[in-house]
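First the proteins, then the strands, lettered A, B, ... as listed; each starts at 1.
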Number of protein chains: 2
Amino acid sequence: MIIGHQARTTAEPGTGAPSTAELTDAEVDRLFRALADATRRDIVRRTLTSEATISELAGDYDMSFAAVQKHVTALEAAGLVVKESRGRERIVRGVPERIERIQDLLRGFEEIWRGRIGRMDALFAEDSPTTG
Amino acid sequence: MIIGHQARTTAEPGTGAPSTAELTDAEVDRLFRALADATRRDIVRRTLTSEATISELAGDYDMSFAAVQKHVTALEAAGLVVKESRGRERIVRGVPERIERIQDLLRGFEEIWRGRIGRMDALFAEDSPTTG
DNA sequence: TTGATATGCAACCAACTGGTTGTATGTTAG
DNA sequence: CTAACATACAACCAGTTGGTTGCATATCAA
């Protein structure tokens with residue numbers, strides 16, 4: 001069906017994480033990979049409800065400060081959180097728009113197979129008049 | 001907020017991919033990781049619309065048969081596709097329920113921050129009677 | 001049986017991940 | 001200034017990933 005799927009979307013805007021605009025394959029990769037870790041999912045959940053410093057986050061997981069810091073960096077690269085400097089601290093906040101973006105992506109998948117079902121319905125409709 | 005987040009759900013049902021039942025952290029990991037690759041996303045898209053053999057899939061990507069085979073194995077382990085034997089061929093089909101499951105997960109995230117907004121609305125409601 | 005096709009699987013490899021420790025730098029408190 | 005705190009970052013390491021090739025096995029076609 002598709003061979004050059006790695007060059008589907010527009011060029012990379014700079015490996016950053018823009019809020020609007022199409023996502024490149026690499027960005028979608030980063031997005032899903034960032035969520036493929038329970039600690040990172042938990043950090044996202046946490047920072048969606050209330051902001052937290054890296055120290056606060058690090059205090060709640062059974063790993064080093066540096067490890068948590070790297071998780072936050074991965075989430076930031078994926079655009080799932082943003083960091084803001086406040087004095088010597090870094091405030092981490094979840095980015096709901098990014099979650100919605102993933103939902104959009106999956107809705108795309110959903111439409112694909114809904115489309116298949118729709119076609120099946122059409123076939124049934126040719127046989128029986130009231131196939132709901 | 002949560003420390004023992006790795007032991008939230010029920011025990012693993014056998015590293016398989018059941019259609020119903022709660023997903024363990026490890027299963028969610030596998031699910032997101034499986035989607036963190038453009039080739040695998042493309043295979044899922046393809047097999048959601050129409051089934052395909054491994055050979056057919058392998059023919060469309062610029063990599064070896066074995067590589068595509070491993071991608072399919074990863075997707076199968078994540079429950080995103082199922083394989084069925086038909087003679088010497090293996091028919092690969094996408095599993096829409098699994099996509100829906102991820103949507104459910106993300107909807108959980110959405111509710112978290114919607115909850116925050118809801119609380120903000122409540123605060124505004126105390127000040128002005130017709131906010132929204 | 002023979003040959004072509006479709007798959008499965010193991011061994012191998014480079015690159016990446018997810019953790020560690022150590023050190024440097026910037027910021028706040030006395 | 002000095003000490004404590006918060007962060008950044010580099011180096012290191014074991015395990016995983018994503019690709020390869022080669023070989024074994026099963027099925028289909030003559």
**OP:** Please test A:Asp29 against B:Leu35 for side chain to side chain contact (heavy atoms under 4.5 Å, CB included), starting from the C-alpha separation and ending with a verdict.
**Re:** CA-CA 7 Å; A:Asp29 286 3; B:Leu35 288 174; over 6 Å; no

Non-hydrogen side-chain atoms of [X] and [Y] separated by less than 4.5 Å:
{"X": "B:Tyr61", "Y": "B:Asp42", "result": "yes"}
{"X": "A:Arg41", "Y": "A:Thr39", "result": "no"}
{"X": "A:Ile102", "Y": "A:Phe32", "result": "yes"}
{"X": "B:Glu89", "Y": "B:Lys83", "result": "no"}

Whether [Y] and [X] form a salt bridge (side-chain N of Lys/Arg under 4.0 Å from carboxylate O of Asp/Glu) is what I want to check.
{"X": "A:Arg101", "Y": "A:Glu27", "value": "no"}
{"X": "B:Glu84", "Y": "B:Arg90", "value": "no"}
{"X": "B:Arg33", "Y": "A:Asp37", "value": "no"}

**OP:** Determine to 10° how strongly the helix from C:dT1-D:dA30 to C:dG30-D:dC1 is bent, judged from the axes of its five-pair ends.
**Re:** 30°

**OP:** Could I get the full list of salt bridge (charged side-chain N to carboxylate O under 4.0 Å, His left out) partners for B:Arg107, not counting sequence neighbours?
**Re:** B:Asp104

Original post:
Could you give the start and end, 5' to 3', of the contact zone on DNA chain D for chain A, using atoms under 4.0 Å from its heavy atoms?
Top reply: D:dA4 to D:dG18

**OP:** Not counting sequence neighbours, which residues clear side-chain contact (heavy atoms from CB on, under 4.5 Å) with B:Val95? List them please.
**Re:** B:Val82, B:Glu97, B:Arg98

Quick one: label [X] by what it contacts on the DNA or RNA (base, sugar-phosphate, nothing), any heavy atom closer than 4.0 Å.
{"X": "B:Thr73", "result": "nothing"}
{"X": "A:Ser55", "result": "sugar-phosphate"}
{"X": "A:Ala74", "result": "nothing"}

Original post:
Under the side-chain hydrogen bond (donor to acceptor under 3.5 Å, both in side chains) test, which residues partner A:Gln103, sequence neighbours left out?
Top reply: B:Glu110

Subject >> Near-strand residues of residues 81-91 of chain A, defined as heavy-atom separation under 4.0 angstrom from DNA chain D >> reply: A:Lys83, A:Arg88, A:Glu89, A:Arg90

Original post:
Between A:Glu111 (side chain) and A:Gly108 (backbone), is there a donor-acceptor pair under 3.5 Å?
Top reply: no

Original post:
So where does chain B start and stop touching DNA chain C, 5' to 3', when the test is distance under 4.0 Å to a non-hydrogen atom?
Top reply: C:dA4 to C:dG18

For residues 63-73 of chain B, which side-chain donor-acceptor pairs fall under 3.5 Å, sequence neighbours excluded?
{"residue": "B:Ser64", "atom": "OG", "partner": "B:Ala67", "partner atom": "N", "Å": "3.1"}
{"residue": "B:His71", "atom": "ND1", "partner": "B:Arg40", "partner atom": "NH1", "Å": "3.1"}
{"residue": "B:Thr73", "atom": "OG1", "partner": "B:Gln69", "partner atom": "O", "Å": "3.0"}

**OP:** Could you say whether A:Ala67 or A:Arg33 is positioned toward the 5' end of DNA chain C, judged by the nucleotide with the nearest heavy atom to each?
**Re:** A:Arg33

Original post:
Quick one: on DNA chain C, does A:Lys70 or B:Thr53 contact a more 5' nucleotide (nearest heavy atom)?
Top reply: B:Thr53

